[in-house]
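These notes concern the structure reproduced below.
Numbers restart at 1 for each chain; the letters A, B, ... are given by sequence-line order, proteins then strands.
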Amino acid sequence: MADPRTHRLRLWSSALVVGVVLLAVLVVPPLVQLDEQAVDLSRKLLPPSWEHPFGTDDLGRDLLLRCVYGLRISLLVGLVAALVATVVGTAVGAAAGALGGWTDRTLMRLVDTFSSVPHLLLGIFVVALFRPGVWPVIASVAVTHWLSTARIVRSEVLSLRTRPFVEAAISGGATRWRVAVRHLLPAVLPQAGLAAVLMVPHAMWHESALSFLGLGLPSHQASLGNLVQNARSSLLAGYGWPTLFPGLLLIVPTLAIAGLAGVWRDRLNPRRRSELML
Amino acid sequence: MTAENVLRALKAVSAGRAEDAVLSVRDLSVRFRLRGGRTVEAVSDAGFDLGAGECLALVGESGCGKSVLASALLGLLPGNAETSGTALLAGPEGAAATDLLAADEKTLARTVRGRRVGLVPQSPAAHLTPVRTVRSQLEETVRALTGTSRRARRRAAEDAAGRAAFPAGHLDRYPHELSGGLAQRAATALALIGDARLLLADEPTTGLDRDLVDRTADELRRHADDGRALLLITHDLAAAERIADRVAVMYAGRIVEIAPAHRFFGPAGPRHPYARGLLDALPDRAFTPIPGMPPELSALPEGCAFAPRCPLATELCSTRPEFTADLACHHPEHPRA
Amino acid sequence: MLELDTVTAGYDRRTPVFRGASLTVAPGESVGLLGPSGCGKSTLARVAALLHRPDAGRLVLDGTEVTAWRHRAPRELRTAVGVVFQQPRTAADPRLTLADLLVEPLRATGRRAEAAARLAELAPAVGLTPDLLGRRPHEVSDGQLQRACLGRALALRPRWLVCDEMTAMLDASTTAALVAAVETYREETGASLLAVGHDRLLLRRWCDRTVEWQDCLPAEERP
């Protein structure tokens with residue numbers, strides 16, 4: 001483990017960033033009542049200033065406002081998608097691990113099949129089936145991201161299944177369902193929760209990638225991926241800030257979330273929990 | 001730590017029957033501060049001397065604080081532990097003694113652990129690295145302790161294996177290829193490499209079957225006969241009876257009686273009612289348990305901690321008995337004739 | 001009557017842990033099975049507790065043969081055998097309190113209503129005080145946790161008890177207390193006991209008769 005000071009620094013800086021981000025996306029939009037879509041062609045591509053801290057884009061829209069809205073959409077998609085993927089992954093992994101036999105084999109071959117296709121390709125395939133919108137993007141993230149959770153949960157369940165406490169429960173008359181729900185699932189939930197949090201940044205990047213390719217959210221919607229995509233032409237014309245700020249907003253919060261997840265993972269380590277050695 | 005304590009301990013090291021004491025412990029206490037302001041008094045005012053060639057068995061129920069005592073002597077307690085008292089470890093060939101409780105981590109790591117105190121672990125299987133041969137683990141330890149040349153390392157490793165009666169032909173095996181007994185010897189060889197004068201054996205026989213317990217115990221005894229001091233921490237009274245010279249009984253963090261093993265296990269028997277109760281619980285004796293359970297170390301009673309379970313308890317027992325003449329009891333039983 | 005008749009069992013069909021072991025425990029009898037560690041007696045205990053299906057041979061409980069089962073042995077037979085393992089730490093679900101641990105078998109078999117009453121009988125029978133019942137495994141000692149594990153094995157009033165090295169990790173007083181709790185239960189219910197272990201002194205003192213592990217095996221398999 002890292003020394004306690006850098007550990008604390010990581011915890012607090014991550015918590016600060018996540019706190020600011022949450023405050024911004026939850027409080028700013030309803031409070032300021034500004035239209036992030038307001039076009040003003042007379043003020044296009046202005047560099048950062050007091051009036052427009054992030055500058056304006058090629059249609060004269062305020063980039064700070066658009067970034068906040070973009071982060072809001074991206075976070076929402078990330079969180080919901082991570083939740084869906086975790087629930088699906090945990091269910092499949094727990095079923096495979098707890099039931100074993102041909103159920104296990106079938107489910108895990110399904111997981112292998114899904115993972116053998118490149119993630120982005122599979123994601124593009126899913127969004128291509130629907131009209132652009134939030135839900136196809138969430139579905140696309142979920143379809144590509146439940147696999148790792150399923151693997152983690154399955155291996156946890158397999159290692160738990162042979163523990164004497166599970167045998168004792170079986171001996172005490174517990175059905176397979178009860179063993180799974182009462183003894184196995186609670187034991188894997190912390191791991192699954194950690195996997196879910198670690199997945200949020202992944203999901204945000206996946207959404208951004210899809211949007212950047214023009215396959216994600218409708219292009220007028222200010223998601224981070226769309227912002228970068230829209231700013232590409234300006235970048236070629238020599239204006240850096242319209243890509244810089246959405247890009248930073250993609251990187252910094254995802255790093256902070258990963259940082260918090262890391263602290264959580266350390267806490268899960270049982271050796272830290274015991275204060276006594278008797 | 002007060003100057004008085006140091007003086008007392010120094011006197012104990014240099015005077016009387018503890019003249020050749022390898023380890024001299026005085027007033028050793030360990031407290032754990034827990035979240036929420038609770039304090040666990042894991043060890044209180046423990047004191048004993050251990051001479052060269054002697055085996056002291058520290059016995060008691062699990063959770064009575066005896067493993068904490070061992071960890072305190074090795075400086076391996078977690079950060080929320082507070083220790084007080086002294087534990088003087090005699091220096092090599094007349095050099096000054098080291099107070100194990102006051103020494104900093106650097107001193108402990110560079111000059112004490114492995115060199116002057118060897119630890120025989122509870123579960124050898126967990127103590128050995130599964131992916132490397134016994135020989136490479138022994139040689140690595142030699143290098144860490146002495147930094148000698150390759151050839152000297154090889155010889156030192158083989159010497160240590162020989163001292164622990166680990167067969168040379170098995171040195172190139174991996175831990176999983178060894179039987180339980182051989183794994184225990186390999187772990188003991190690791191403890192012997194530094195030629196430490198004090199061996200600390202923390203529950204070395206737990207979970208082993210009786211033959212293996214006897215063999216492990218006999219081998220530990222052999223190291224004591226070679227002139228080492230052996231502190232055997234165990235709840236296995238049969239193992240203690242087999243090899244110990246003296247027995248220290250620990251209850252709820254305190255040493256309540258120290259007795260010569262022949263008297264303790266012999267017809268005279270121990271004097272503290274708890275020690276008598278422990279012996280009476282053995283299947284080859286009365287096989288009757290001591291009623292009740294030991295108190296929580298976080299909520300110890302004011303007086304004698306054993307009083308609630310003691311058949312002889314009186315009002316006197318609401319004050320704590322002093323540990324004098326190797327006994328802490330208000331109404332000790334007289335040795336059976 | 002618990003009968004193991006030339007049972008072969010293991011975790012891999014090609015290399016069984018033991019072949020052709022036979023052992024009988026009469027109604028109300030207590031049998032101590034003695035053997036060194038690693039000989040396969042723990043696997044035999046799991047077979048007798050209906051937790052491990054034998055590869056060959058017969059296991060008969062009161063005249064009912066329970067040899068062929070798929071995932072689990074039938075529940076009414078499984079619950080008729082109580083089992084206690086060597087290491088209480090791994091045998092107790094770390095998330096349950098000791099009280100939940102004790103009555104979990106009642107809840108698992110749909111007898112939730114009896115749980116409170118049975119808990120009130122079980123806790124004193126195994127020597128657990130009320131303040132311990134609210135704690136989780138990491139807050140109690142090995143001995144206290146093993147008391148709870150014994151209580152759990154007795155919760156459904158089994159007709160057979162299988163104790164696999166129940167006291168190997170425990171001190172003398174706790175050992176004697178747990179043995180006394182088992183014997184009190186057996187006097188009340190007439191249950192039979194199969195105690196597996198390596199401590200000759202203990203099992204001779206505890207059981208009606210002791211059997212050496214190699215005497216369970218056919219002559220050609222004896223070490």
Side-chain angles (χ1 to χ4, degrees), chain A residues 90 94-107 153-194 264 267-278, chain C residues 11 42 45-46 48-52 70-96 100-111 136-142 145 148-156 158 160-162 164:
Chain A
T90 306
L99 297 177
W102 65 266
T103 321
D104 183 24
R105 283 194 292 276
T106 313
L107 287 173
V153 169
R154 174 177 175 269
S155 69
E156 278 286 312
V157 167
L158 279 184
S159 85
L160 288 168
R161 232 177 68 172
T162 50
R163 300 273 175 88
F165 79 79
V166 172
E167 298 212 309
I170 295 167
S171 169
T175 56
R176 287 206 277 177
W177 173 250
R178 189 171 174 90
V179 168
V181 171
R182 177 108 170 132
H183 300 287
L184 299 179
L185 210 54
V188 299
L189 276 185
Q191 298 289 341
L194 177 63
W264 182 7
R267 288 274 157 87
L268 276 185
N269 185 348
R271 295 191 68 144
R272 274 183 57 104
R273 278 201 229 141
S274 165
E275 297 178 274
L276 267 180
M277 23 183 290
L278 290 178
Chain C
Y11 304 90
S42 280
R46 294 181 67 238
L50 305 180
L51 290 169
H52 189 88
R70 265 170 63 82
H71 298 291
R72 306 272 155 93
R75 188 200 250 190
E76 60 280 6
L77 289 169
R78 226 158 70 206
T79 54
V81 189
V83 60
V84 188
F85 298 103
Q86 175 174 2
Q87 301 223 12
R89 293 276 152 220
T90 58
D93 189 331
R95 272 157 297 274
L96 300 184
D100 286 332
L101 201 70
L102 280 170
V103 296
E104 178 62 21
L106 289 163
R107 295 200 179 130
T109 48
R111 292 158 63 184
R136 282 168 220 281
H138 65 94
E139 297 166 315
V140 301
S141 72
D142 277 5
L145 195 53
C149 289
L150 173 62
R152 172 180 61 188
L154 302 181
L156 295 174
W160 295 274
L161 257 182
V162 176
D164 181 13

> Do A/E167 and C/H52 pass the side chain to side chain contact (heavy atoms under 4.5 Å, CB included) test, and can you show the C-alpha distance, the side-chain angles, and the key distance before you say yes or no?
Replying inline: CA-CA 10 Å; A/E167 298 212 309; C/H52 189 88; over 6 Å; no
> Passes side chain to side chain contact (heavy atoms under 4.5 Å, CB included), C/L51 versus A/S171? Steps please.
Replying inline: CA-CA 7 Å; C/L51 290 169; A/S171 169; 4.2 Å; yes
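Contacts with chain C (heavy atom to heavy atom, under 4.5 Å) involve these residues of residues 174-181 of chain A, listed by number: A/A174, A/T175, A/R176, A/R178, A/V179. Within residues 98-106 of chain A, no residue has any heavy atom closer than 4.5 Å to a heavy atom of chain C.
Contact record, A/G172 with C/T109: O-CG2, 3.7 Å, taken as the closest heavy-atom pair. Between A/G173 and C/R78, the closest heavy-atom pair is C-NH2, 3.4 Å.
With a 4.5 angstrom heavy-atom cutoff, C/L156 touches chain A only via side-chain atoms. Within the 4.5 angstrom heavy-atom criterion, no atom of A/A169 approaches chain C. Both the backbone and the side chain of C/V83 come within contact range of chain A, judged by heavy atoms closer than 4.5 Å. Contacts between C/R46 and chain A at a heavy-atom distance below 4.5 Å involve the side chain alone, from C-beta outward. For chain A, no part of C/L101 is nearby; none of its heavy atoms comes within less than 4.5 Å. Only the side chain of C/P94 comes within less than 4.5 Å of a heavy atom in chain A; its backbone stays farther off.
Counting heavy-atom pairs closer than 4.5 Å to chain A, the top residue among C/R89, C/Q87, C/R107, C/E76 is C/R107.
Looking at heavy atoms from C-beta onward, A/I170 lies out of side-chain contact with C/R75 at the 4.5 angstrom threshold. Contact check for C/R95 versus A/H183: no side-chain heavy atoms found under the 4.5 Å cut-off.
Here A/R163 contributes atom CZ and C/D93 contributes atom CG; the two are 10.0 Å apart, rounded to the nearest 0.5 Å.
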